[in-house]
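Have a look at the structure below, then the notes.
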Amino acid sequence: MQDLSLHILDIVENSLSAGAHRVEIRIEEDLKADWMTLEIVDDGAGMDEGMMQKILDPFFTTKTTRRVGLGLPFLAEACRESNGEMTLQSSPGKGTTVKAAFQHSHIDRKPLGKIGDTLIAILAGHPELDLRYEHRKDGADFILDTREIRAALGHVPLNAPPIISALRTQILSALSELGI
Amino acid sequence: MPRLNLEDLKKIKDSVEDSMRLREGGFRARVNVHMGTCGIASGARNILTAVMDEIAKRETKDVVMVTSGCAGLCNREPMVTVEILGSSPVKYVDVTPEKMREIFAEHVVGGKVVEKYALSRGSEATF
């Protein structure tokens, strides 16, 4: 993947395939400590011990359309390349947490990329998903929670074109304020 | 701290509610952007943005955009499936944002399949 925002989109698609109704994405950029951490938490089906041992094998997949499962191995590699590591926590019926850590200043750390476009892609493609996004960067933060958005919209769907267009403008503006 | 402006969203919500009441119900066309790992890695997100832009620009009310997983032909991603109510779905391959805009204008709006970009015409209508 070209950047981390595409990895995040890919992992969230995994969460949705696992039947998640709520996904939380947490990003923390600590420039002083020189770390960037990414956490994706879902309430999907979760994995048992057997699947956890195979999940980083690029030739293991739960999909039937192909014979490789590259998303998690690619993300693990992206962490290793920038002196970090990826860890997984999961149990059947309790969801999965993917934690990825990167040395912030490492020359091989992939850029975050267009995270705003990733958020919009998730909201537009899966308007029923409960999504919370928290991004902290050196004391400032941006939080998006679809529960608040739905409370404001009532029964109007989140992916109605004028709504998603307005959300896109607002999200990009808020991220820009954070220097992202 | 930057936050979303929920008041602005509430104002837009009122105008969307009006147009929802006017629409006769149901969508005429569905555009499915495939978002497996292969699709995401090869640019599916930009295709999604192009579709949203076209829907917003044309103020189209009867087209729905959806996403799905890997379609199984990873080396031809990004792929998009266009389904017009009553017609067979058409799979487009090696899609770029520019091709997507062409497909939107000619097929989604105009009803004419863009054969030079299409892989196949299937029989498994889904709505």
Side-chain angles (χ1 to χ4, degrees), chain A residues 1-2 5-7 9-10 12-14 16-17 61 63-66 68-72 74 113-114 117-118 120-122 124-126 135 139-145 148-149 151-171 173-178, chain B residues 1-21 23 27 31-75 77 79:
Chain A
M1 305 284 188
Q2 268 195 333
S5 70
L6 295 174
H7 278 293
L9 181 55
D10 183 51
V12 173
E13 289 289 332
N14 280 357
L16 287 153
S17 296
T61 180
K63 305 289 190 290
T64 55
T65 54
R66 52 189 152 83
V68 293
L70 299 174
L72 282 168
F74 274 178
K114 295 180 182 176
D117 281 354
T118 279
I120 288 298
I122 295 168
H126 306 282
H135 194 135
D141 66 20
F142 167 61
I143 297 174
L144 176 152
D145 196 322
E148 290 177 359
I149 299 171
L153 294 179
H155 60 274
V156 170
L158 203 140
N159 65 339
I163 301 290
I164 205 77
S165 190
L167 272 172
R168 183 158 188 250
T169 304
Q170 287 194 19
I171 288 170
S173 170
L175 288 169
S176 166
E177 243 185 272
L178 211 59
Chain B
M1 306 289 182
R3 289 288 183 268
L4 293 182
N5 186 333
L6 298 175
E7 287 309 311
D8 277 357
L9 290 179
K10 281 180 188 166
K11 286 179 201 158
I12 299 169
K13 164 205 161 193
D14 291 335
S15 70
V16 173
E17 271 180 324
D18 289 341
S19 71
M20 277 171 68
R21 274 191 282 275
R23 190 165 11 119
F27 291 101
V31 179
N32 181 0
V33 182
H34 296 277
M35 301 276 268
T37 302
C38 44
I40 294 169
S42 41
R45 194 183 61 187
N46 292 343
I47 309 299
L48 207 114
T49 305
V51 174
M52 284 194 287
D53 278 350
E54 288 296 317
I55 290 174
K57 186 174 78 182
R58 294 166 190 272
E59 296 182 339
T60 318
K61 306 265 189 290
D62 58 354
V63 176
V64 65
M65 185 187 67
V66 297
T67 62
S68 67
C70 172
L73 203 57
C74 304
N75 64 325
E77 291 280 1
M79 287 172 59

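What you see below is based on every heavy atom in this structure, not just the backbone, and it leaves out hydrogens, waters and symmetry mates. Naming convention: chains lettered A, B, ... in sequence-line order (proteins, then strands); numbering from 1 in each chain.
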Is the shortest heavy-atom distance from the side chain of B:Met35 to the side chain of A:Val12 under 4.5 Å?
no
Most contacts with chain A, counted as non-hydrogen pairs under 4.5 angstrom, among B:Thr67, B:Ile55, B:Leu4, B:Ile12:
B:Leu4
Applying a strict 4.5 Å limit to non-hydrogen atoms, the region of B:Leu48 in contact with chain A is side chain
Of the listed residues (A:Lys114, A:His126, A:Glu148), which shares the most heavy-atom pairs with chain B below a 4.5 Å separation?
A:Lys114
Between A:Ser173 and chain B, with a heavy-atom cut-off of 4.5 Å, which part of the residue counts as in contact: side chain, backbone, both or neither?
neither
Quick check on B:Asn32 against chain A: is it the side chain, the backbone, both or neither that has a heavy atom closer than 4.5 Å?
neither
Please state whether the side chain, the backbone, both or neither of A:Ile164 comes within less than 4.5 Å of a heavy atom of chain B.
side chain
With respect to chain A, which residue among B:Val33, B:Val63, B:Thr60, B:Leu9 yields the maximal number of heavy-atom pairs within a distance under 4.5 Å?
B:Leu9
Going through the checks in order, is the side-chain contact (heavy atoms from CB on, under 4.5 Å) test met by A:Asp117 and B:Met52?
CA-CA 11 Å; A:Asp117 281 354; B:Met52 284 194 287; over 6 Å; no
Check: A:Gln170 side chain, B:Asn5 main-chain N or O, donor-acceptor pair, under 3.5 Å:
yes
Scanning both residues in full, the closest heavy-atom pair of A:Ser165 with B:Ala56 reads OG-CB, 4.5 Å
Looking only at heavy atoms and a cut-off of under 4.5 Å, which of A:Gln2, A:Arg168, A:His7, A:Met1 has the most pairs with chain B?
A:Met1
Looking at A:Ala151, A:Ala166, A:Pro162, A:Pro161, which one has more heavy-atom pairs under 4.5 Å with chain B than the rest?
A:Pro162
Residue pair A:Asn159, B:Met65: steps toward the side-chain contact (heavy atoms from CB on, under 4.5 Å) verdict
CA-CA 9 Å; A:Asn159 65 339; B:Met65 185 187 67; over 6 Å; no
Please determine, among A:Ile171, A:Leu178, A:Leu70, A:Ile163, the option with the most heavy-atom pairs under 4.5 Å with chain B.
A:Ile163
Tell me, out of A:Leu175, A:Ile120, A:Leu16, A:Ile149, who's got the most heavy-atom pairs with chain B below 4.5 Å.
A:Ile149
Walk me through whether B:Thr37 and A:Glu13 qualify under side-chain contact (heavy atoms from CB on, under 4.5 Å).
CA-CA 9 Å; B:Thr37 302; A:Glu13 289 289 332; over 6 Å; no
Taking heavy atoms only and a threshold strictly under 4.5 Å, list by residue number the residues of residues 40-47 of chain B that touch chain A; give 'none' if the list is empty.
B:Ile40, B:Ala41, B:Arg45
Are more than 12 heavy atoms from other residues, nucleotides or ligands located less than 6.0 Å from atom NZ of B:Lys11?
no
Considering only heavy atoms, which portion of A:Ser5 lies under 4.5 Å from any heavy atom of chain B: side chain, backbone, both, or neither?
both
